[in-house]
Amino acid sequence: MAYTNVSGPTYYRRGNIQVWDFIRDQGLNFHLGNAIKYICRAGYKDSRVADLRKAIHYLQNELENEILHQRPSQGVSPWFPGDEQYEASFTDWATDLDR
């Protein structure tokens with residue numbers, strides 16, 4: 001556990017473990033770590049909706065990278081849309097978010 005931010009922002013220090021310690025403990029990459037960060041602080045720093053959109057943005061980028069590199073995903077729910085449906089439903093929304 002890192003102690004360099006013991007007095008950091010309260011929106012990252014809620015609970016028993018700091019967000020960055022959880023991310024590190026789970027071995028998450030940049031995009032998944034940022035999604036967790038924004039989910040955990042949603043509604044505690046800025047707009048809840050804005051933070052959730054940021055989390056979705058990072059999750060979408062991670063998913064697009066998975067699809068692009070055709071890595072088999074473990075444990076994906078059968079209800080999850082296929083690549084074509086995913087791309088059609090989220091690509092336009094993400095483009096608007098990047099603006």
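Numbering of residues begins at 1 and proceeds along the displayed sequence. Computed from a predicted structure; not experimentally measured.
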Worksheet item: When rounded to the nearest 0.5 angstrom, what distance separates CG in Leu68 from CG in Asn61?
Response: 10.0 Å
Worksheet item: Rounded to the nearest 0.5 Å, how far does CD of Gln60 lie from CD1 of Ile67?
Response: 9.0 Å
Worksheet item: With sequence neighbours excluded, what pairs up with Asn29 under the side-chain hydrogen bond (donor to acceptor under 3.5 Å, both in side chains) test?
Response: Glu62
Worksheet item: Is the His31 ring parallel, tilted or perpendicular to the Tyr58 ring (thresholds 30°, 60°)?
Response: tilted
Item to complete: Find out if a path of hydrophobic residues (ILVMFWY) with successive side-chain heavy-atom gaps under 4.5 Å connects Ile39 to Ile17.
Response: no
Discussion item. Quick check: closest heavy atoms across Cys40 and Val19, and the distance to 0.1 Å?
Written reply: CB-CG2, 3.7 Å
Worksheet item: How far does CG of Leu52 sit from CG of Leu59, to the nearest 0.5 angstrom?
Response: 10.5 Å
Worksheet item: Is Asn34 close to Lys54 at the side-chain level, that is, under 4.5 Å between some pair of heavy atoms?
Response: no
Practice prompt. To the nearest 0.5 Å, tell me how far Leu28 CG sits from Phe22 CZ.
Written response: 6.5 Å
Practice prompt. Determine the sole option in Arg41, Lys45, Lys37 for which the side-chain hydrogen bond (donor to acceptor under 3.5 Å, both in side chains) test with Asp51 is passed.
Written response: Arg41
